[in-house]
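Structure, as C-alpha cells:
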Amino acid sequence: MTVPESTYRVQLRPEFTFADAAGIAGYLRDLGIGALYASPVLDAAPGSTHGYDVVDPTRARPALGGEGARQELSALLKELGLGLVVDIVPNHMSVEVPKANRWWWDVLEHGRDSEYASFFDIDWDRGPLLLPVLGDDDAVAELTVDGDELVYYDHRFPIAPGTDGGTPQEVHERQHYRLIGWRRGNAELNYRRFFDITTLAAVRVEDPKVFAATHGEVLRWVADGDVTGLRVDHPDGLADPGGYFRRLRENAPDAWIVAEKILHPGEPLPQSWPVDGTTGYDALREIAGVFVDPQGEPDFTALANELGVKTGYHRVEAEARRLVTDRILVAEVRRIAAQLQYVDPDLARQAVAETMIAFPVYRSYLPEGADHWAAAIDGARRARPDLAEPLAMLDAVMRKNPESELATRLQQTSGMVVAKGTEDTTFYRYTRFAALNEVGGNPDRFGLGVEEFHRLAAEREAGYPAAMTTLTTHDTKRSEDTRARMAVLAEVPGEFAQAVRRWTARRGIDEPSLNLLAWQTLVSTWPIEPARLRDYLDKAAKEAKLRTSWTDHDEPFEADVAAWPQDVMDDAELAADVEAFVKRIEGPGYANSLGQKLVQLTAPGVPDVYQGTELWDFSLVDPDNRRPVDYAARRELLARITDGELPEIDASGAAKLLVVHKALRLRREHPALFRGYRPLRAEGPAAAHCLAYTRSPGLAVAVTRLPVGLEADGGWRDTVLPLPPGVWTDVLTGREVTGELTSLFDRYPVALLVRGDA
C-alpha cells in the first residue's frame, strides 16, 4: 500500500484543469507534498465548478481536458515522485440536465424496461417517475399535437416512442415520468436523492452490476498505477457502506482509501470497514479545540442570551432536525414508514421521524452500532412517550432483520437528517461561538483540554495512523485561519461582548443569531470584501431558515442583510472601531494559525493542505473557499524561504509558508521520524500554554496555545520543556535550542525540533 506522507487538495473545474494541475506539480514537490489530491475528475454536469455532480463515470471529464490530459498529469506526477489521490462519488449522479446523463435519459425513455432502471433507487410501484422541475406548485406538464407533430411542454425531456396516431392524453399515459411543480418534490418524490437536492439522484452501488459500471474507469486508473489513493464521498448515504468498502478494497487492494465519515466525539470508525481512516474532520475538531479557551464559555453564553440567541443546543438541534423530517425529507420518511407493517401509517411516520431526530451520531450500521441505535430509540421514547408501541415495533423489526429494506432505508436516511438538520441548519442558528460550528464539531462543548488531546492523538496513532487529517476542506464552514482568529475571541469574551453591544446598537441585523454570527465573521475575516461577506450572510440566513430560506423568501429582510456589509464599511466610526478590535486579536490569531498548522502537519495521520492555505487564508463556506489561488506569489515566497529567509509574522503569510514547507519536507524526507506518539509536558508557571509531544525519540513538536492569556500572565518566565537528552535543533530557524520556552519561542510561537543523532 502506498500511503502518502501528505496531500494537497486542488479543486478542479473548467477554469483549473488537468493541465493547470500539472502546472503546479513542481511547486507542490518543492513545497514538500507527497500526493496531489484532486476533487472529482469524472465527467460532470455542464459548467460544474466542483465535480460532485457526475453524469458519466466511464470517462475523465472533457471539460478538464479529458483522458489525454489526465494521462499527462499522471505521468508527470509519477516522474516527480508524487502520488495522485482522487475523490470519488458513489452515492449519486446529476440528473439536472437529463440528456447529459445517458443512463438517466434511457430510464426516462424506457421506464422499468430500461437496462439502467435498477441503477437508480426508484420506487416504481408508486407509478411514473415524478420530476419536480416546473415552477408552479401544482403544475403538470401538458402535451399538445401540432398537426402530425407532437410538441412537449419541456424540450429537455423525451417523449414516448410510438406516438403516431395517439392523442396527447394517450401519449401522456405512455410516458414513464411526470413533470410536476418543484415544491411537490419534498413530499411526493419517488426516487431517492442526495439530501434534498432533486437534481442529484441516488445510485444503487450495492448492486455489483452498478458498482462495476460506476467504478470501472477509476479502478482501471488504480490498476495502471495512475491513481494511488481514493477519497470516498458521503459513504453514509449508501445502503451498505461496509459492504461497499469491502468490495472497493477487493478491487483496489493497494490503494490508500479514506472515507468521508463524520464521527461524533467518542464515536469509533466501524471496525469492519477496510479503510485507512476518515478524511479528518475528527482531527480538525481536536486540533482546533485545543486552541479554544473554555473559560470564555460563560461570557459567550450570557451575550447570546442577552441578544436573544438560543443557547439550549440540543433543543435547537432537535427543532432543526424536526424541520428536516417534517418539511424537507417528507417523501423519504414516508417511504421508510410504509415498510413498518401493522402500524397506523401516521404513527409509523412519526416513530420513524422521532428516531432519526434522536440519533446521537449520523447513523448506525446494524448489527454494528447497536448502542447508537438503542440510544436513538430511547431518545425518541423520551421525546414522545405516546409513541411507545410503534417505537417498540420499529425497534424489534430493525434488530430482527438489520438487512431489511426498512433497516437499510432508515439508517441511510438518518445521516441525511442529522447532516441537514445539524450542519446545514443548527450551525447557522446556534451561533453562540461559531468557531465550534464545524463539520464533525460539537458546539455544545467549549474547547478541548491538552490531556484529552494527547489521549486522542495516541489513539489515532495506534488505530488509524494512515487516516487523513485536515484543518480546511471544500466543505468546512470557515477556513483554518478564520477559525484560528475567531478562537482568540474566547480569550477576550468580555471585550468582544462590549464591542458587539456597541456595534449592534449602531448597525445590527434584525435576527439575533445572524447578527451575532455576522460580527464574529467580520472580525475573523477582516478586511473582507463587502461582496464576499454579503454572499456569505445571504447563505447563512437561508440555511438557518428562521427569517428567510432558499424556498420561502423574506425579500425586505434579505435586502437589509445584503446591505449590511457595505453599511458597516461606509460608517467610518464603526469601521474604525471594528478595525481597532481586529488589531487587538490579529497577532494572537496568527499564533493560533501557526500552532494548529504545525500540529496538524506533525501529529499522527496523513496531513492534507487545502489549496492555498499554505499562506493565510480567511475564507468562508463554499463557494467562497473555491476562489482562485495565486500560485505565482506562493512560488516567489517559497523561493525566498528555500534561500534561507526567516520571514516575519505579518500579513503576507510567509511565516505560515515557512512552517508548512519545513514540516512537509521533513516528513517526506525522513518519514521514520513521524512514528509513535508521546506527550511532552512543560513545567513552570505558564505550562498550560504549551502543547508539546514527541513522535519518534528524535522528533519533538512544541506550540503556543491561548496566547492572550500567556501575555496577560507575564509570558513564559521560567517555564521549561524538559527535552529528552541530546542536542536539539529547531528545523524552522536552524538554531540549536534548549527547553527554556522564553528562548525557544522568541522568534516564532512554534518549534519543530530534531535531535542531532536523528
Side-chain angles (χ1 to χ4, degrees), residues 186-189 192 195-196 236 262 264-267 310-402 404-430 442-444 544-546 549:
N186 285 343
E188 301 178 34
L189 207 67
R192 189 165 57 85
F195 294 98
D196 60 339
D236 274 349
I262 312 302
H264 280 230
E267 179 188 4
K310 292 183 178 180
T311 56
Y313 178 72
H314 295 292
R315 180 175 296 179
V316 173
E317 185 179 49
E319 290 173 354
R321 291 184 183 184
R322 184 163 285 107
L323 172 69
V324 174
T325 60
D326 293 357
R327 291 176 53 187
I328 297 176
L329 297 180
V330 177
E332 287 79 0
V333 173
R334 286 176 177 169
R335 188 173 181 182
I336 297 165
Q339 299 295 317
L340 191 58
Q341 300 177 355
Y342 313 115
V343 177
D344 176 82
D346 188 56
L347 292 178
R349 184 199 64 77
Q350 293 180 58
V352 167
E354 289 297 334
T355 302
M356 293 193 291
I357 290 167
F359 251 90
V361 295
Y362 274 66
R363 61 167 288 173
S364 56
Y365 310 90
L366 294 176
E368 283 186 278
D371 290 346
H372 296 140
W373 168 253
I377 287 290
D378 289 344
R381 284 182 179 134
R382 289 193 299 272
R384 292 290 304 276
D386 57 309
L387 294 176
E389 185 173 343
L391 285 169
M393 294 187 67
L394 177 63
D395 187 28
V397 173
M398 292 281 291
R399 291 180 182 276
K400 182 178 180 180
N401 190 1
S404 65
E405 182 176 357
L406 171 65
T408 296
R409 294 195 181 282
L410 191 150
Q411 290 178 106
Q412 67 184 154
T413 306
S414 76
M416 296 162 60
V417 171
V418 172
K420 192 69 183 172
T422 300
E423 291 176 26
D424 294 344
T425 307
T426 303
F427 284 4
Y428 292 97
R429 294 181 172 190
Y430 185 84
N442 185 11
D444 196 35
K545 308 169 192 68
L546 290 171
S549 73

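Computed from a predicted model, the values in this text were never measured in an experiment. We're numbering straight along the sequence, starting at 1. Just so it is clear, the values below take in all heavy atoms, side chains as well, and ignore hydrogens, waters and symmetry mates.
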Answer whether the closest heavy-atom distance between the side chains of V417 and F359 falls below 4.5 Å. no

Begin from the C-alpha positions of E354 and R381 and carry the test salt bridge (charged side-chain N to carboxylate O under 4.0 Å, His left out) through to its verdict. CA-CA 8 Å; E354 289 297 334; R381 284 182 179 134; over 6 Å; no

Sequence neighbours excluded, which residues qualify as salt bridge (Lys or Arg N to Asp or Glu O under 4.0 Å) partners of R399? D395

Using a strict threshold of under 4.0 Å (side-chain N to carboxylate O), is an ion pair present between R409 and E332? no

Would a 4.5 Å heavy-atom cut-off, applied to side chains only, mark N186 and L329 as touching? no

Taking all atoms of both residues into account, what is the closest heavy-atom pair of S364 and G369, and its distance? CB-O, 3.5 Å

Roughly how far, to the nearest 0.5 Å, is the CG atom of L347 from the CG atom of L394? 12.5 Å

Minimum heavy-atom distance between G415 and F195, given as atom pair plus value: O-CE2, 4.3 Å

How long is the gap from CG on D236 to CE on M416, to the nearest 0.5 Å? 11.5 Å

With sequence neighbours left out, which residue pairs that include part of residues 312-338 fulfil the ring-ring contact (aromatic ring centres under 6.0 Å, His included) condition? Y313-Y430

Does a sphere of radius 6.0 Å around CG in D371 hold more than 12 heavy atoms from other residues, nucleotides or ligands, not counting ones at 6.0 Å or beyond? no

Mind listing the closest non-hydrogen atom pair of A320 and G421 along with its distance? CB-O, 3.2 Å

R335 side chain to V330 main-chain N or O, any donor-acceptor pair under 3.5 Å? no

What's the separation between atom OH in Y362 and atom NE2 in H264, rounded to the nearest 0.5 Å? 5.0 Å

For P367 and P402, work out which heavy atoms get closest and say how close. N-CB, 4.3 Å

For the residue pair K420 / T425, report whether a side-chain donor-acceptor contact shorter than 3.5 Å exists. no

When rounded to the nearest 0.5 angstrom, what is the spacing between CG in L406 and CD in Q339? 6.5 Å

Tell me, please, which residues at least two apart from S414 pass side chain to side chain donor-acceptor pair (under 3.5 Å). none

Determine whether the side chains of T426 and E317 contain a donor N or O and an acceptor N or O closer than 3.5 Å. no

Basic-acidic side-chain contact under 4.0 Å: D326, R349: yes

Between CG on residue L340 and CE on residue M398, distance to nearest 0.5 Å: 10.5 Å

Checking the side chain of Q411 only, and the main-chain atoms of A407 only, is there a donor and an acceptor separated by less than 3.5 Å? yes

Are H372 and Y365 an aromatic pair by the rule of ring centers under 6.0 Å? no

Could you walk me through whether E319 and R315 satisfy the salt bridge (charged side-chain N to carboxylate O under 4.0 Å, His left out) test, starting with their C-alpha distance in whole Å, then the side-chain angles of each, then the deciding distance to 0.1 Å, before giving a yes or no? CA-CA 6 Å; E319 290 173 354; R315 180 175 296 179; 5.5 Å; no

For P390 and V343, which heavy atoms make the closest approach, and how far apart are they? CB-CG1, 3.9 Å

For the CZ atom of R384 and the OG1 atom of T355, what is their distance to the nearest 0.5 Å? 11.0 Å

Are the side chains of K545 and Y428 in contact, using a 4.5 Å heavy-atom criterion? no

Measure from the side-chain N and O atoms of T413 to the backbone N and O of L410, and report whether any donor-acceptor pair falls under 3.5 Å. no

Using side-chain heavy atoms (C-beta onward) and a distance below 4.5 Å, is R363 in contact with V418? no

